[in-house]
Amino acid sequence: MSRTPFVAGNWKMFKTVGDAEMFISGLLPLVSSTEGIEVAICVPFTTLGAMVDSTRGSRVQVFAQNMHQEAEGAFTGEVSAPMLSDLDVHGVVLGHSERRELFGETDAALAEKVPAALEAGLRVILCCGETEAERDAGEMETKLRRQVEAGLSQVPAGRLADVVIAYEPIWAIGTGKVATPEQAQEACAFVRGVVAGIDPAAAEAVRIQYGGSVKPENTAELLALPDIDGALVGGASLDPASFAAIVEAGRS
Ligand code: 13P
């Protein structure tokens, strides 16, 4: 099965509205004619509205970086899936390791967030990944299986393939230490196998991104691997030229 590659830039907590507008006016001309690949930017809540407006009619999708599982309620400081849909946001990144490790995001919450996002018409990038200590202790597969199974546990059967899974080894995030092609392929193939355990047809269709120190120079090699269908890019997505070079390198 051929899967359309999908490259997403995760800005994390970077860029004011002014910075974001500068970025997007630089990026759009660079990617406007790039065919055969989907492109998204995952931006802070404060820049979502401006980025949705500035990308309207373009090929760049706009994603949030988190949301609450409930549609509304007394949850001070939180934002819900219907609120994101209301802004015409396309999707949301869920379960990033920084949210899990720094802000107490749990598999139980993610089990509710993923279907809540889909129900509101949002696309989902569900993140998973192991620490260096877990990898060294031979616990990578257990961790990935637990995270992926929990995140997909309440997704309706027909919607599984709508979830994009990002494999991001925590030891490769922001460290410049990219996984070797063998390590990245092995982990992404394992993740696809976990999805196959739930639904074999969905496993063929589901797209799996690699994330962790992706740069223009290493994108083509990673995305050529059989079980890697895209990239989730942190630092190198903050500059339009570098992000556009990654998009170009990721085309099938
Ligand atoms: P870097 O590309 O900066 O390593 O970050 C990866 C990441 O966490 C994307 O979500």
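Just follow the structure's listing: the first ligand is 1, and inside any ligand the first atom is 1. Residues take their numbers from the sequence shown, with the count starting at 1.
For the pair Phe63 and Arg123, the minimum side-chain heavy-atom distance is below 4.5 Å.
What sits closest to atom 2 (O) of ligand 1 on the protein, heavy atoms only, is Gly234 N, 2.9 Å. When only non-hydrogen protein atoms are considered, atom 4 (O) of ligand 1 lies nearest to Gly174 N, 2.6 Å.
The shortest separation from a heavy atom of Ser237 to ligand 1 is not under 4.0 Å, leaving the residue out of contact. Distances shorter than 4.0 angstrom do not occur between any heavy atom of Gly211 and any atom of ligand 1.
Clustering ILVMFWY residues whenever any of their side-chain heavy atoms sit less than 4.5 angstrom apart, transitively, puts Tyr210 in the very cluster that holds Leu126.
Between atom 5 (O) of ligand 1 and the options Lys215, Lys12, His96, the minimum heavy-atom separation is to Lys12. When Lys177, Glu168, Gln209 are checked for heavy-atom proximity to atom 7 (C) of ligand 1, Glu168 turns out nearest. Taking only non-hydrogen atoms, the option from Gly176, Gly235, Ser213 nearest to atom 3 (O) of ligand 1 is Gly235.
Proximity of a side-chain donor or acceptor of Ser237 to a complementary backbone N or O of Gly234 within less than 3.5 Å is detected.
Side-chain N/O atoms of Gln61 and Glu38 include a donor and acceptor closer than 3.5 Å.
In Leu232, the parts holding a heavy atom less than 4.0 Å from any atom of ligand 1 are both the side chain and the backbone. With a 4.0 Å heavy-atom cut-off, ligand 1 is reached by the backbone of Ala172 but not by any atom from C-beta on.
The distance criterion of under 3.5 Å between nitrogen or oxygen atoms is not met by Val233 with respect to ligand 1.
Taking each heavy atom of Glu204 and Arg192 in turn, the nearest pair found is O-NH1, 4.2 Å.
Atoms of ligand 1 found under 4.0 Å from any heavy atom of Gly212, numbered from 1 in the order shown, are 4 (O), 6 (C).
The CZ atom of Phe23 sits 6.0 Å away from atom CZ of Phe243, with the distance rounded to the nearest 0.5 Å. Considering CG of Leu110 and CG of Leu152, their distance stands at 10.5 Å, rounded to 0.5 Å. Here the straight-line distance linking atom CD of Gln209 with atom CG of Leu222 works out to 12.5 Å at 0.5 Å rounding.
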